[in-house]
S.K.: 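I have a structure here, written as structure tokens, and I will follow up with some questions on it.
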Amino acid sequence: QVQLVESGGGLVQAGGSLRLSCAASGRTFSPYVMGWFRQAPGKEREFVAAITWNIGATSVADSLRGRFTISRDNVKNTVYLQMNSLKPEDTAVYLCAAALRPTVVGGTEYDYWGQGTQVTVSS
């Protein structure tokens with residue numbers, strides 16, 4: 001049993017920054033990869049970023065590269081998403097996910113999902 005809990009969302013003005021956190025709980029936690037996704041109302045879930053748990057290799061969506069950074073602290077079982085230069089189009093629910101096996105970069109086949117945290121960027 002693994003639970004993922006996101007935090008750090010909120011309201012921010014365009015150009016501002018937020019850091020999201022995803023804390024994992026469970027008797028043992030050893031995912032292969034952790035990812036961040038986002039979903040706006042009426043839109044498909046969108047890949048944001050991913051990081052391998054052991055090595056820390058990262059991938060960020062092409063459109064977000066340079067503004068968003070993913071990192072992890074595997075001692076604290078926590079993954080982070082640093083979001084800079086936020087734009088109104090970044091407004092969405094941001095979800096954390098964990099995959100127990102290797103996944104295709106940008107894929108959505110994860111085993112565990114958090115409930116999400118709302119990020120709203122005002123103009």
Side-chain angles (χ1 to χ4, degrees):
Q1 179 66 38
V2 174
Q3 184 177 10
L4 305 176
V5 180
E6 302 95 335
S7 63
L11 176 65
V12 64
Q13 293 185 2
S17 298
L18 285 174
R19 189 179 77 158
L20 307 183
S21 298
C22 173
S25 62
R27 66 185 305 174
T28 182
F29 185 68
S30 185
Y32 185 87
V33 61
M34 297 286 294
W36 284 99
F37 297 80
R38 67 185 185 183
Q39 188 165 19
K43 295 185 178 180
E44 292 290 318
R45 184 172 52 194
E46 177 186 13
F47 170 77
V48 174
I51 186 168
T52 63
W53 198 244
N54 289 335
I55 299 175
T58 63
S59 296
V60 180
D62 291 343
S63 63
L64 304 177
R65 197 171 300 127
R67 296 194 298 119
F68 287 20
T69 304
I70 188 170
S71 62
R72 91 274 190 262
D73 184 337
N74 51 15
V75 175
K76 296 182 177 180
N77 288 343
T78 301
V79 63
Y80 305 95
L81 182 69
Q82 179 67 46
M83 306 184 294
N84 299 325
S85 301
L86 284 163
K87 306 174 181 179
E89 52 263 44
D90 295 320
T91 296
V93 173
Y94 284 72
L95 303 111
C96 173
L100 302 180
R101 301 181 297 176
T103 61
V104 175
V105 174
T108 59
E109 293 187 347
Y110 285 71
D111 299 286
Y112 301 98
W113 293 84
Q115 291 188 334
T117 184
Q118 177 70 46
V119 172
T120 302
V121 184
S122 65
S123 60

S.K.: Looking at residues at least two apart in the chain, or sitting in another chain, which of them share a side chain to side chain donor-acceptor pair (under 3.5 Å) with D111?
M.R.: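 None.
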S.K.: Please confirm whether the ring centroid of W36 lies under 6.0 Å from the ring centroid of F47.
M.R.: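 Not under 6.0 Å, so no.
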S.K.: Got a sec: does the CD of Q115 have more than 12 other heavy atoms crowding it under 6.0 Å?
M.R.: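 Check fails, neighbour count at 12 or below.
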S.K.: How many angstroms lie between CD1 in I55 and CZ in R72, if you round to the nearest 0.5 Å?
M.R.: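 Rounded to the nearest 0.5 Å, the CD1-CZ separation comes to 9.0 Å.
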S.K.: What pair of heavy atoms forms the shortest contact from V2 to T28, and how long is it?
M.R.: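 Shortest heavy-atom contact: CG2-O, 4.3 Å.
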S.K.: From L95 CG over to W113 CH2, what is the distance, rounded to the nearest 0.5 angstrom?
M.R.: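 If I round to the nearest 0.5 Å, the distance is 6.5 Å.
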S.K.: Does some side-chain heavy atom of Y112 sit less than 4.5 Å from a side-chain heavy atom of L100?
M.R.: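 SC-SC contact between L100 and Y112 confirmed.
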S.K.: For F68 and Y94, take the angle between the two ring planes, folded into 0 to 90°, and tell me which bin it lands in: parallel under 30, tilted 30 to 60, perpendicular over 60.
M.R.: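 Aromatic pair F68/Y94 classed tilted.
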S.K.: State which residues pass side chain to side chain donor-acceptor pair (under 3.5 Å) with Q118; sequence neighbours excluded, sorted by chain then number.
M.R.: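 By the side chain to side chain donor-acceptor pair (under 3.5 Å) rule, Q118 matches T120.
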S.K.: Side-chain donor-acceptor pairs under 3.5 Å in residues 75-89, sequence neighbours left out?
M.R.:
| unit_1 | atom_1 | unit_2 | atom_2 | d |
| --- | --- | --- | --- | --- |
| T78 | OG1 | K76 | O | 3.0 |
| Q82 | NE2 | N84 | OD1 | 3.0 |
| N84 | OD1 | S17 | OG | 2.9 |

S.K.: I need the minimum non-hydrogen distance between M34 and C96, along with the two atoms involved.
M.R.: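 So the two residues come closest at CE-SG, 3.6 Å.
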S.K.: Rounded to the nearest 0.5 Å, what separates atom OG1 in T58 from atom CZ in R65?
M.R.: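 Spacing of OG1 (T58) from CZ (R65) equals 9.0 Å.
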S.K.: Is W53 close to V33 at the side-chain level, that is, under 4.5 Å between some pair of heavy atoms?
M.R.: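 Side chain of V33 against side chain of W53, heavy atoms only: no contact under 4.5 Å found.
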